[in-house]
Peer 1: 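To start, I am sharing the structure in question, which I have written as C-alpha coordinates.
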2 protein chains.
Amino acid sequence: MTQHPERNEDPIKSALSGDDGIDFTIIELFFFAYRDFTSDPDQILGEYAFGRAHHRVLHFVNRRPGLTVAELLDVLKITKQSLARVLKQLIDTGHIVQVQGPRDRRQRELYPTAKGRGLALALAAPQSRRIAAALAEAAPGDRAAIERFLLGMVNPEQRTQIDDQTATGDDRRREAG
Amino acid sequence: MTQHPERNEDPIKSALSGDDGIDFTIIELFFFAYRDFTSDPDQILGEYAFGRAHHRVLHFVNRRPGLTVAELLDVLKITKQSLARVLKQLIDTGHIVQVQGPRDRRQRELYPTAKGRGLALALAAPQSRRIAAALAEAAPGDRAAIERFLLGMVNPEQRTQIDDQTATGDDRRREAG
DNA sequence: AAATTTATGTCAGCCTTGTTGACATAAATT
DNA sequence: AATTTATGTCAACAAGGCTGACATAAATTT
(Lines give C-alpha, C1' and ligand atoms only; values in the text may rest on other atoms or scores of the structure.)
Protein backbone atom coordinates (compact mmCIF):
# COMPACT_ATOMS: atom_id res chain seq x y z
CA MET A 1 0.00 0.00 0.00
CA THR A 2 1.25 3.41 -0.99
CA GLN A 3 -1.03 5.01 1.55
CA HIS A 4 0.12 5.52 5.08
CA PRO A 5 -1.58 7.33 7.92
CA GLU A 6 -1.18 11.03 7.27
CA ARG A 7 0.05 13.34 9.90
CA ASN A 8 -1.99 16.40 10.55
CA GLU A 9 0.52 18.69 8.93
CA ASP A 10 0.73 16.72 5.71
CA PRO A 11 -0.58 18.32 2.55
CA ILE A 12 -3.63 16.66 1.04
CA LYS A 13 -3.17 16.44 -2.69
CA SER A 14 -6.60 15.23 -3.76
CA ALA A 15 -9.24 17.79 -4.68
CA LEU A 16 -12.47 18.08 -2.80
CA SER A 17 -15.19 17.03 -5.20
CA GLY A 18 -18.84 16.13 -5.46
CA ASP A 19 -17.85 12.61 -4.45
CA ASP A 20 -17.55 13.87 -0.90
CA GLY A 21 -21.32 14.14 -0.70
CA ILE A 22 -21.30 17.91 -1.02
CA ASP A 23 -22.83 19.84 -3.90
CA PHE A 24 -19.70 21.80 -4.75
CA THR A 25 -20.83 22.50 -8.28
CA ILE A 26 -23.74 24.67 -7.24
CA ILE A 27 -21.92 26.11 -4.24
CA GLU A 28 -19.22 27.39 -6.53
CA LEU A 29 -21.53 28.51 -9.32
CA PHE A 30 -23.54 30.45 -6.79
CA PHE A 31 -20.42 32.15 -5.50
CA PHE A 32 -19.19 33.25 -8.91
CA ALA A 33 -22.63 34.19 -10.18
CA TYR A 34 -23.34 36.42 -7.23
CA ARG A 35 -19.96 38.05 -7.33
CA ASP A 36 -20.33 39.10 -10.93
CA PHE A 37 -23.95 40.05 -10.36
CA THR A 38 -22.94 42.57 -7.70
CA SER A 39 -19.96 43.84 -9.68
CA ASP A 40 -22.23 45.50 -12.27
CA PRO A 41 -23.64 48.26 -10.07
CA ASP A 42 -20.31 48.70 -8.29
CA GLN A 43 -19.01 50.61 -11.30
CA ILE A 44 -21.84 53.13 -11.15
CA LEU A 45 -21.72 53.42 -7.37
CA GLY A 46 -18.09 54.42 -7.56
CA GLU A 47 -19.03 57.61 -9.41
CA TYR A 48 -21.23 58.67 -6.51
CA ALA A 49 -18.82 57.63 -3.77
CA PHE A 50 -21.47 55.14 -2.70
CA GLY A 51 -21.04 51.47 -1.93
CA ARG A 52 -23.13 48.35 -1.86
CA ALA A 53 -24.66 49.34 1.42
CA HIS A 54 -26.16 52.42 -0.23
CA HIS A 55 -27.39 50.29 -3.08
CA ARG A 56 -29.26 47.93 -0.80
CA VAL A 57 -30.93 50.75 1.09
CA LEU A 58 -31.88 52.54 -2.10
CA HIS A 59 -33.21 49.35 -3.60
CA PHE A 60 -35.56 48.51 -0.76
CA VAL A 61 -36.76 52.06 -0.25
CA ASN A 62 -37.71 52.10 -3.92
CA ARG A 63 -39.31 48.69 -3.76
CA ARG A 64 -41.30 49.46 -0.62
CA PRO A 65 -41.75 53.21 -0.49
CA GLY A 66 -42.87 54.34 2.93
CA LEU A 67 -41.26 51.57 4.91
CA THR A 68 -40.09 52.59 8.34
CA VAL A 69 -36.55 52.51 9.65
CA ALA A 70 -37.38 49.46 11.76
CA GLU A 71 -38.79 47.61 8.77
CA LEU A 72 -35.73 48.41 6.72
CA LEU A 73 -33.47 47.15 9.47
CA ASP A 74 -35.43 43.93 9.55
CA VAL A 75 -35.02 43.40 5.81
CA LEU A 76 -31.33 44.25 5.74
CA LYS A 77 -30.49 42.51 9.02
CA ILE A 78 -28.02 45.16 10.11
CA THR A 79 -27.92 47.42 13.15
CA LYS A 80 -29.39 50.90 13.21
CA GLN A 81 -25.91 52.36 13.69
CA SER A 82 -24.74 50.71 10.48
CA LEU A 83 -27.81 51.89 8.64
CA ALA A 84 -27.54 55.42 10.03
CA ARG A 85 -24.30 56.14 8.22
CA VAL A 86 -25.42 55.25 4.73
CA LEU A 87 -28.99 56.45 5.17
CA LYS A 88 -27.78 59.85 6.28
CA GLN A 89 -25.67 60.14 3.15
CA LEU A 90 -28.57 59.16 0.93
CA ILE A 91 -30.78 61.75 2.61
CA ASP A 92 -28.11 64.45 2.48
CA THR A 93 -27.60 63.85 -1.24
CA GLY A 94 -31.33 64.05 -1.88
CA HIS A 95 -31.92 60.44 -2.91
CA ILE A 96 -34.22 59.60 -0.02
CA VAL A 97 -36.60 61.67 2.10
CA GLN A 98 -38.11 60.95 5.49
CA VAL A 99 -41.76 61.58 6.28
CA GLN A 100 -43.16 61.48 9.77
CA GLY A 101 -45.41 58.47 10.19
CA PRO A 102 -49.08 59.48 10.07
CA ARG A 103 -50.36 56.85 12.50
CA ASP A 104 -47.31 56.79 14.75
CA ARG A 105 -45.45 60.05 14.73
CA ARG A 106 -42.31 58.45 16.14
CA GLN A 107 -41.82 56.54 12.91
CA ARG A 108 -39.96 57.84 9.88
CA GLU A 109 -41.34 56.63 6.59
CA LEU A 110 -38.67 56.44 3.91
CA TYR A 111 -39.39 57.44 0.32
CA PRO A 112 -37.19 57.85 -2.73
CA THR A 113 -37.03 61.17 -4.52
CA ALA A 114 -37.01 61.40 -8.31
CA LYS A 115 -33.23 61.41 -8.04
CA GLY A 116 -33.24 58.32 -5.84
CA ARG A 117 -35.66 56.56 -8.13
CA GLY A 118 -33.44 57.32 -11.09
CA LEU A 119 -30.33 55.98 -9.42
CA ALA A 120 -32.10 52.82 -8.26
CA LEU A 121 -33.19 52.16 -11.83
CA ALA A 122 -29.72 52.85 -13.19
CA LEU A 123 -28.19 50.42 -10.70
CA ALA A 124 -30.72 47.70 -11.40
CA ALA A 125 -30.50 47.99 -15.18
CA PRO A 126 -27.20 46.14 -15.73
CA GLN A 127 -28.23 43.45 -13.25
CA SER A 128 -31.48 42.97 -15.10
CA ARG A 129 -29.61 42.79 -18.40
CA ARG A 130 -27.30 40.13 -16.99
CA ILE A 131 -30.28 38.10 -15.82
CA ALA A 132 -32.00 38.49 -19.19
CA ALA A 133 -28.87 37.28 -20.95
CA ALA A 134 -28.61 34.25 -18.68
CA LEU A 135 -32.28 33.46 -19.24
CA ALA A 136 -31.97 33.91 -22.99
CA GLU A 137 -29.85 30.77 -23.14
CA ALA A 138 -32.40 28.92 -21.05
CA ALA A 139 -35.37 26.84 -22.10
CA PRO A 140 -38.91 28.16 -21.66
CA GLY A 141 -40.04 27.18 -18.21
CA ASP A 142 -36.55 27.52 -16.82
CA ARG A 143 -37.51 30.82 -15.31
CA ALA A 144 -40.11 29.23 -13.08
CA ALA A 145 -37.60 26.60 -11.98
CA ILE A 146 -35.02 29.25 -11.17
CA GLU A 147 -37.46 31.32 -9.15
CA ARG A 148 -38.54 28.23 -7.21
CA PHE A 149 -34.96 27.32 -6.51
CA LEU A 150 -33.93 30.79 -5.36
CA LEU A 151 -36.96 31.09 -3.13
CA GLY A 152 -36.22 27.63 -1.76
CA MET A 153 -32.76 28.85 -0.77
CA VAL A 154 -34.24 31.55 1.45
CA ASN A 155 -34.97 30.87 5.11
CA PRO A 156 -38.65 29.88 5.36
CA GLU A 157 -39.44 32.59 7.94
CA GLN A 158 -38.39 35.24 5.46
CA ARG A 159 -40.25 33.92 2.44
CA THR A 160 -43.56 35.59 3.10
CA GLN A 161 -41.79 38.92 3.32
CA ILE A 162 -40.33 38.34 -0.12
CA ASP A 163 -43.51 36.96 -1.61
CA ASP A 164 -45.22 40.22 -0.79
CA GLN A 165 -42.67 42.15 -2.75
CA THR A 166 -42.08 39.96 -5.76
CA ALA A 167 -45.50 38.49 -6.41
CA THR A 168 -46.76 41.73 -7.89
CA GLY A 169 -45.23 45.14 -8.12
CA ASP A 170 -47.88 47.40 -6.69
CA ASP A 171 -47.84 49.12 -3.38
CA ARG A 172 -50.03 47.16 -1.04
CA ARG A 173 -48.64 48.19 2.27
CA ARG A 174 -51.06 48.38 5.12
CA GLU A 175 -54.23 48.32 3.09
CA ALA A 176 -55.88 46.78 6.12
CA GLY A 177 -54.09 49.31 8.32
CA MET B 1 -55.47 65.77 -13.24
CA THR B 2 -54.26 64.88 -9.76
CA GLN B 3 -50.71 64.68 -11.00
CA HIS B 4 -48.54 67.74 -11.03
CA PRO B 5 -44.86 68.04 -11.86
CA GLU B 6 -42.97 66.71 -8.87
CA ARG B 7 -40.16 68.63 -7.35
CA ASN B 8 -36.93 66.78 -6.87
CA GLU B 9 -37.35 66.64 -3.12
CA ASP B 10 -40.84 65.18 -3.23
CA PRO B 11 -41.35 61.65 -1.97
CA ILE B 12 -42.31 59.12 -4.63
CA LYS B 13 -45.06 56.92 -3.23
CA SER B 14 -45.32 54.29 -5.97
CA ALA B 15 -43.23 51.15 -5.68
CA LEU B 16 -40.63 50.21 -8.23
CA SER B 17 -41.92 47.07 -9.93
CA GLY B 18 -41.36 44.76 -12.83
CA ASP B 19 -43.43 47.16 -14.92
CA ASP B 20 -40.39 49.41 -15.05
CA GLY B 21 -38.70 46.98 -17.40
CA ILE B 22 -36.38 45.63 -14.73
CA ASP B 23 -36.41 42.07 -13.45
CA PHE B 24 -36.79 42.96 -9.80
CA THR B 25 -38.20 39.58 -8.88
CA ILE B 26 -35.01 37.71 -9.64
CA ILE B 27 -32.77 40.55 -8.48
CA GLU B 28 -34.38 40.39 -5.08
CA LEU B 29 -34.61 36.60 -4.88
CA PHE B 30 -30.94 36.41 -5.71
CA PHE B 31 -30.10 38.85 -2.94
CA PHE B 32 -32.07 37.01 -0.26
CA ALA B 33 -30.97 33.57 -1.44
CA TYR B 34 -27.31 34.48 -1.34
CA ARG B 35 -27.55 36.16 1.99
CA ASP B 36 -29.05 33.13 3.68
CA PHE B 37 -26.70 30.85 1.78
CA THR B 38 -23.68 32.59 3.27
CA SER B 39 -25.20 32.84 6.73
CA ASP B 40 -24.93 29.08 7.26
CA PRO B 41 -21.15 28.82 7.47
CA ASP B 42 -20.92 32.13 9.33
CA GLN B 43 -22.10 30.39 12.48
CA ILE B 44 -19.31 27.83 12.34
CA LEU B 45 -16.68 30.38 11.36
CA GLY B 46 -17.48 32.38 14.45
CA GLU B 47 -16.27 29.54 16.65
CA TYR B 48 -12.85 29.69 15.00
CA ALA B 49 -12.61 33.47 14.94
CA PHE B 50 -12.56 33.18 11.17
CA GLY B 51 -14.59 35.15 8.64
CA ARG B 52 -15.85 34.72 5.13
CA ALA B 53 -12.48 35.60 3.72
CA HIS B 54 -11.00 32.54 5.43
CA HIS B 55 -13.84 30.43 4.11
CA ARG B 56 -13.22 31.45 0.53
CA VAL B 57 -9.51 30.72 0.77
CA LEU B 58 -10.09 27.39 2.45
CA HIS B 59 -12.69 26.45 -0.11
CA PHE B 60 -10.53 27.05 -3.16
CA VAL B 61 -7.42 25.51 -1.66
CA ASN B 62 -9.46 22.38 -1.02
CA ARG B 63 -11.02 22.45 -4.45
CA ARG B 64 -7.73 22.99 -6.26
CA PRO B 65 -5.00 21.65 -4.02
CA GLY B 66 -1.59 22.83 -5.08
CA LEU B 67 -2.66 26.10 -6.62
CA THR B 68 -0.16 28.89 -6.29
CA VAL B 69 -0.63 32.18 -4.50
CA ALA B 70 -0.93 33.97 -7.85
CA GLU B 71 -3.63 31.57 -9.03
CA LEU B 72 -5.58 32.00 -5.83
CA LEU B 73 -5.40 35.78 -6.13
CA ASP B 74 -6.76 35.48 -9.64
CA VAL B 75 -9.73 33.42 -8.51
CA LEU B 76 -10.55 35.59 -5.51
CA LYS B 77 -9.85 38.89 -7.25
CA ILE B 78 -8.32 40.49 -4.20
CA THR B 79 -4.85 41.92 -3.57
CA LYS B 80 -2.00 39.90 -2.18
CA GLN B 81 -1.96 42.07 0.93
CA SER B 82 -5.58 41.19 1.63
CA LEU B 83 -4.89 37.53 1.05
CA ALA B 84 -1.74 37.57 3.17
CA ARG B 85 -3.59 38.28 6.40
CA VAL B 86 -6.11 35.48 6.21
CA LEU B 87 -3.74 33.02 4.57
CA LYS B 88 -1.21 33.54 7.34
CA GLN B 89 -3.86 32.78 9.94
CA LEU B 90 -4.93 29.63 8.12
CA ILE B 91 -1.32 28.49 7.93
CA ASP B 92 -0.58 29.36 11.56
CA THR B 93 -3.62 27.38 12.70
CA GLY B 94 -2.57 24.37 10.64
CA HIS B 95 -5.39 24.39 8.12
CA ILE B 96 -3.21 25.06 5.10
CA VAL B 97 0.42 24.25 4.29
CA GLN B 98 2.72 25.75 1.70
CA VAL B 99 4.98 23.61 -0.46
CA GLN B 100 7.74 25.05 -2.57
CA GLY B 101 6.86 24.74 -6.26
CA PRO B 102 8.79 21.88 -7.85
CA ARG B 103 9.15 23.46 -11.28
CA ASP B 104 9.49 27.05 -10.11
CA ARG B 105 10.90 27.28 -6.63
CA ARG B 106 9.65 30.84 -6.21
CA GLN B 107 6.09 29.58 -6.18
CA ARG B 108 4.25 28.39 -3.08
CA GLU B 109 1.78 25.63 -3.73
CA LEU B 110 -1.08 25.67 -1.26
CA TYR B 111 -2.53 22.48 0.16
CA PRO B 112 -5.08 21.77 2.86
CA THR B 113 -4.11 19.65 5.84
CA ALA B 114 -6.48 17.05 7.27
CA LYS B 115 -7.66 19.76 9.63
CA GLY B 116 -8.24 22.18 6.78
CA ARG B 117 -10.04 19.55 4.77
CA GLY B 118 -12.28 18.81 7.69
CA LEU B 119 -13.19 22.44 8.24
CA ALA B 120 -13.87 22.98 4.54
CA LEU B 121 -16.27 20.05 4.58
CA ALA B 122 -17.96 21.25 7.75
CA LEU B 123 -18.48 24.68 6.23
CA ALA B 124 -19.83 23.33 2.96
CA ALA B 125 -22.19 20.82 4.56
CA PRO B 126 -24.98 23.20 5.60
CA GLN B 127 -24.78 25.00 2.28
CA SER B 128 -25.11 21.72 0.45
CA ARG B 129 -28.05 20.79 2.65
CA ARG B 130 -29.74 24.07 1.85
CA ILE B 131 -29.24 23.48 -1.85
CA ALA B 132 -30.55 19.93 -1.59
CA ALA B 133 -33.65 21.16 0.20
CA ALA B 134 -34.28 23.79 -2.45
CA LEU B 135 -33.82 21.21 -5.19
CA ALA B 136 -36.08 18.73 -3.44
CA GLU B 137 -39.03 21.00 -4.14
CA ALA B 138 -37.99 21.27 -7.75
CA ALA B 139 -38.99 19.22 -10.76
CA PRO B 140 -36.53 16.76 -12.31
CA GLY B 141 -34.50 18.64 -14.87
CA ASP B 142 -34.63 21.81 -12.82
CA ARG B 143 -31.10 21.20 -11.70
CA ALA B 144 -29.76 21.48 -15.22
CA ALA B 145 -31.71 24.68 -15.76
CA ILE B 146 -30.37 26.16 -12.54
CA GLU B 147 -26.78 25.30 -13.37
CA ARG B 148 -27.18 26.82 -16.83
CA PHE B 149 -28.64 29.96 -15.35
CA LEU B 150 -25.97 30.39 -12.70
CA LEU B 151 -23.20 29.80 -15.21
CA GLY B 152 -24.87 32.28 -17.54
CA MET B 153 -24.69 34.89 -14.79
CA VAL B 154 -20.90 34.61 -14.64
CA ASN B 155 -18.71 36.81 -16.79
CA PRO B 156 -17.84 34.82 -19.94
CA GLU B 157 -14.08 35.24 -19.43
CA GLN B 158 -14.32 33.46 -16.12
CA ARG B 159 -16.49 30.57 -17.22
CA THR B 160 -13.74 28.30 -18.45
CA GLN B 161 -12.01 28.62 -15.09
CA ILE B 162 -15.17 27.44 -13.38
CA ASP B 163 -15.89 24.69 -15.89
CA ASP B 164 -12.53 23.17 -15.05
CA GLN B 165 -13.45 22.98 -11.41
CA THR B 166 -17.06 21.93 -11.54
CA ALA B 167 -17.18 19.64 -14.55
CA THR B 168 -15.55 16.81 -12.65
CA GLY B 169 -13.99 16.62 -9.26
CA ASP B 170 -10.62 15.08 -9.93
CA ASP B 171 -7.32 16.82 -9.81
CA ARG B 172 -6.29 17.49 -13.36
CA ARG B 173 -3.90 20.31 -12.86
CA ARG B 174 -0.95 20.44 -15.20
CA GLU B 175 -1.25 16.92 -16.51
CA ALA B 176 0.32 18.21 -19.67
CA GLY B 177 2.99 19.76 -17.44
C1' DA C 1 -50.96 61.84 35.74
C1' DA C 2 -46.94 59.22 36.09
C1' DA C 3 -44.13 55.58 34.70
C1' DT C 4 -42.66 52.71 31.15
C1' DT C 5 -41.88 51.19 26.60
C1' DT C 6 -40.98 52.03 21.79
C1' DA C 7 -38.93 54.24 17.49
C1' DT C 8 -35.40 56.69 16.25
C1' DG C 9 -31.00 59.27 16.42
C1' DT C 10 -26.26 59.85 17.73
C1' DC C 11 -21.57 59.53 19.83
C1' DA C 12 -17.56 56.74 20.45
C1' DG C 13 -14.79 53.00 19.60
C1' DC C 14 -13.67 48.44 17.67
C1' DC C 15 -13.14 44.62 13.98
C1' DT C 16 -12.82 42.51 9.41
C1' DT C 17 -11.62 42.80 5.00
C1' DG C 18 -10.89 45.29 1.29
C1' DT C 19 -7.53 49.08 -0.82
C1' DT C 20 -2.72 51.53 -2.35
C1' DG C 21 2.21 52.34 -2.12
C1' DA C 22 6.78 51.05 -1.04
C1' DC C 23 10.28 47.98 -0.40
C1' DA C 24 12.84 43.17 0.24
C1' DT C 25 14.24 38.61 -1.29
C1' DA C 26 15.08 34.67 -3.94
C1' DA C 27 14.69 32.44 -8.15
C1' DA C 28 14.02 32.49 -13.06
C1' DT C 29 14.90 34.64 -17.37
C1' DT C 30 17.24 37.56 -20.64
C1' DA D 1 25.23 40.62 -15.08
C1' DA D 2 20.93 42.74 -15.37
C1' DT D 3 16.20 42.29 -15.27
C1' DT D 4 11.87 40.31 -14.39
C1' DT D 5 8.85 37.46 -11.66
C1' DA D 6 6.62 35.27 -7.43
C1' DT D 7 6.09 36.10 -3.07
C1' DG D 8 6.26 38.42 1.47
C1' DT D 9 5.83 42.36 4.44
C1' DC D 10 5.27 47.05 6.50
C1' DA D 11 2.34 51.03 6.89
C1' DA D 12 -1.65 53.62 6.30
C1' DC D 13 -6.31 54.06 4.98
C1' DA D 14 -11.55 53.23 3.94
C1' DA D 15 -16.01 50.92 3.92
C1' DG D 16 -19.22 48.90 6.43
C1' DG D 17 -20.20 45.73 9.79
C1' DC D 18 -20.43 45.51 15.24
C1' DT D 19 -21.39 46.80 20.58
C1' DG D 20 -22.45 49.93 24.30
C1' DA D 21 -24.27 54.05 26.08
C1' DC D 22 -27.20 57.74 26.14
C1' DA D 23 -31.00 61.23 24.40
C1' DT D 24 -35.59 62.45 22.79
C1' DA D 25 -40.24 62.32 21.59
C1' DA D 26 -44.29 59.82 21.23
C1' DA D 27 -47.12 55.96 22.43
C1' DT D 28 -48.70 52.83 25.85
C1' DT D 29 -49.51 51.06 30.42
C1' DT D 30 -50.32 51.43 35.13
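Each chain gets a letter, A, B and so on, in the order its sequence line appears, and its residues count up from 1. For clarity, every value in this text was computed on a predicted model and none was experimentally measured.
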Peer 1: May I ask you to test the Phe24(A)-His59(B) pair for a side-chain heavy-atom distance under 4.5 Å?
Peer 2: yes
Peer 1: Where along residues 93-102 of chain B does a heavy atom fall under 4.0 Å from DNA chain D?
Peer 2: Gln98(B)
Peer 1: Please check if the side chain of Thr113(B) supplies one atom and the backbone of Gly94(B) the other of a donor-acceptor pair under 3.5 Å.
Peer 2: yes
Peer 1: Listing request: all ring-ring contact (aromatic ring centres under 6.0 Å, His included) pairs with a residue in residues 83-108 of chain B, at least two apart in sequence or in separate chains.
Peer 2: Phe50(B)-His95(B)
Peer 1: When the side chains of residues 144-154 of chain A are checked against the rest of the protein, which donor-acceptor pairs come out under 3.5 Å, sequence neighbours left out?
Peer 2:
from      : atom 1 : to        : atom 2 : distance (Å)
Glu147(A) : OE2    : Arg143(A) : NE     : 2.8
Glu147(A) : OE2    : Arg143(A) : NH2    : 3.2
Arg148(A) : NH2    : Asp142(B) : OD2    : 2.8

Peer 1: Could you say whether Val69(B) or Asp104(A) is positioned toward the 5' end of DNA chain D, judged by the nucleotide with the nearest heavy atom to each?
Peer 2: Val69(B)
Peer 1: For DNA chain C, which nucleotides open and close the run of contacts to chain B, 5' to 3', at under 4.0 angstrom from a non-hydrogen atom?
Peer 2: dT17(C) to dA28(C)
Peer 1: Please figure out whether Arg108(B) or Arg105(A) has its closest DNA chain D nucleotide nearer the 5' end.
Peer 2: Arg108(B)
Peer 1: Quick one: list whatever passes side-chain hydrogen bond (donor to acceptor under 3.5 Å, both in side chains) with Ser39(A), sequence neighbours left out.
Peer 2: none
Peer 1: Can we say Glu109(A) and Arg64(A) salt-bridge, meaning some charged N sits less than 4.0 Å from an Asp/Glu carboxylate O?
Peer 2: no
Peer 1: Determine which pairs satisfy side chain to side chain donor-acceptor pair (under 3.5 Å) with at least one residue from residues 114-128 of chain B, sequence neighbours left out, and list them in order.
Peer 2: Asn62(B)-Arg117(B)
Peer 1: State which residues pass side-chain hydrogen bond (donor to acceptor under 3.5 Å, both in side chains) with Arg106(A); sequence neighbours excluded, sorted by chain then number.
Peer 2: Asp104(A)
Peer 1: So, using ring-ring contact (aromatic ring centres under 6.0 Å, His included) as the criterion, who are the partners of Tyr34(A) when residues are at least two apart?
Peer 2: Phe37(A), Phe30(B), Tyr34(B)
Peer 1: Applying side-chain hydrogen bond (donor to acceptor under 3.5 Å, both in side chains), name anything that partners Lys88(B), two or more places apart in sequence or on another chain.
Peer 2: Asp92(B)
Peer 1: Name all residues meeting the side chain to side chain contact (heavy atoms under 4.5 Å, CB included) criterion together with Ala125(B); count only those two or more places apart in sequence or in a different chain, and write none if there are none.
Peer 2: Ile22(A), Arg129(B)
Peer 1: Arg106(A) or Leu87(A): which one's nearest nucleotide on DNA chain C is closer to the 5' end?
Peer 2: Arg106(A)
Peer 1: Identify all pairs in which a protein N or O lies below 3.5 Å from an N or O of nucleotides 16-18 of chain D, and state each distance.
Peer 2:
from    : atom 1 : to       : atom 2 : distance (Å)
dG16(D) : OP1    : Arg52(A) : N      : 3.3
dG17(D) : OP1    : Arg56(A) : NH2    : 2.2
dG17(D) : N7     : Arg85(A) : NH2    : 2.3
dG17(D) : O6     : Arg85(A) : NH1    : 3.2
dC18(D) : OP2    : Thr79(A) : N      : 2.7
dC18(D) : OP2    : Thr79(A) : OG1    : 3.0
dC18(D) : OP2    : Ser82(A) : OG     : 3.0

Peer 1: Answer yes or no: is there a side-chain heavy-atom contact under 4.5 Å between Leu123(A) and Leu45(A)?
Peer 2: yes
Peer 1: In dot-bracket notation, what is the pairing pattern of DNA chain C, taking Watson-Crick (N1-N3 plus N6-O4 or O6-N4) and G-U wobble (N1-O2 and O6-N3) contacts under 3.5 Å, with [ ] crossing and | for other strands?
Peer 2: ||||||||||||||||||||||||||||||
Peer 1: Between Pro65(A) and Pro11(B), is any pair of side-chain heavy atoms under 4.5 Å apart?
Peer 2: no
